[in-house]
Amino acid sequence: MNTSLALRENIKKLMAMKGFSQKTLANNSGVSQKTISNLVANNGVLKSPAVSTVESIARGLGVSPAELLNYQSIAAPPAEDDPYRDLSCLIRDFMAADSEGRKAILRVARNEAIHAKQI
């Protein structure tokens, strides 16, 4: 799959996962609704957006630009035998959380670190 097609599909999947309309993503990212519409349109015309546009859309979706371009890394859960499974899930959840959710995750992590030092 070429990068433009992957980007289009990944934006659509992430918007659906988060329940975002194009207007919501436009508001969250600062990218015009028309640009987002052009990126996700199924009209056969695939345009490569500027890097700054990809960065803004990724930020609006709560993922990194690399994750946006490679949706598999955030869509697939880590394998059961992955020694970093808990950390991978935490990072994925942290990236998907809003600012209040991120603060809550950081509070829990801070408390866990304090508790671990006391043991």
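Bear in mind that the values here come from a model prediction, so they are computed numbers and not experimental data. Side chains included, hydrogens not; waters and symmetry mates left out as well; all remaining heavy atoms used. Heads up: numbering here begins at 1 and tracks the sequence.
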J.: Taking only residues two or more places apart in sequence or in another chain, which ones pass side-chain contact (heavy atoms from CB on, under 4.5 Å) with Ala16?
T.: none
J.: Taking atom types as modelled, is there a side-chain donor on Thr53 or Ser56 under 3.5 Å from an acceptor on the other?
T.: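 Result is no, nothing qualifies.
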J.: Can you list the residues that meet the salt bridge (Lys or Arg N to Asp or Glu O under 4.0 Å) rule with Lys103, with sequence neighbours excluded?
T.: Glu100
J.: From Lys13 NZ over to Glu9 CD, what is the distance, rounded to the nearest 0.5 angstrom?
T.: 6.5 Å
J.: What distance separates Ile36 CD1 from Thr24 OG1, expressed to the nearest 0.5 Å?
T.: 9.5 Å
J.: Mind checking the OG-CG spacing from Ser21 to Asn27? Nearest 0.5 Å is all I need.
T.: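 CG of Asn27 is found 7.5 Å from OG of Ser21.
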J.: Hey, what do you get for CD (Gln22) to CG (Asn38), rounding to the nearest 0.5 Å?
T.: 9.0 Å
J.: For Ser29, give me all partners under side-chain hydrogen bond (donor to acceptor under 3.5 Å, both in side chains), at least two apart in sequence or on another chain.
T.: none
J.: Got a second to check how far Lys18's NZ is from Asn28's CG, nearest 0.5 Å?
T.: 9.5 Å
J.: Does Leu39 form a side-chain contact (heavy atoms from CB on, under 4.5 Å) with Ile57? I'd like the steps, not just the answer.
T.: CA-CA 11 Å; Leu39 285 171; Ile57 290 172; 3.4 Å; yes
J.: Please report the interatomic distance CG(Asn10) to CG(Leu61), rounded to the nearest 0.5 Å.
T.: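 Rounded to the nearest 0.5 Å, the CG-CG separation comes to 10.0 Å.
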J.: Between Ser52 and Glu55, is there a side-chain donor-acceptor contact under 3.5 Å, judged purely by atom types and distance?
T.: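 Looking only at side-chain atoms, Ser52 and Glu55 do not form any donor-acceptor pair under 3.5 Å.
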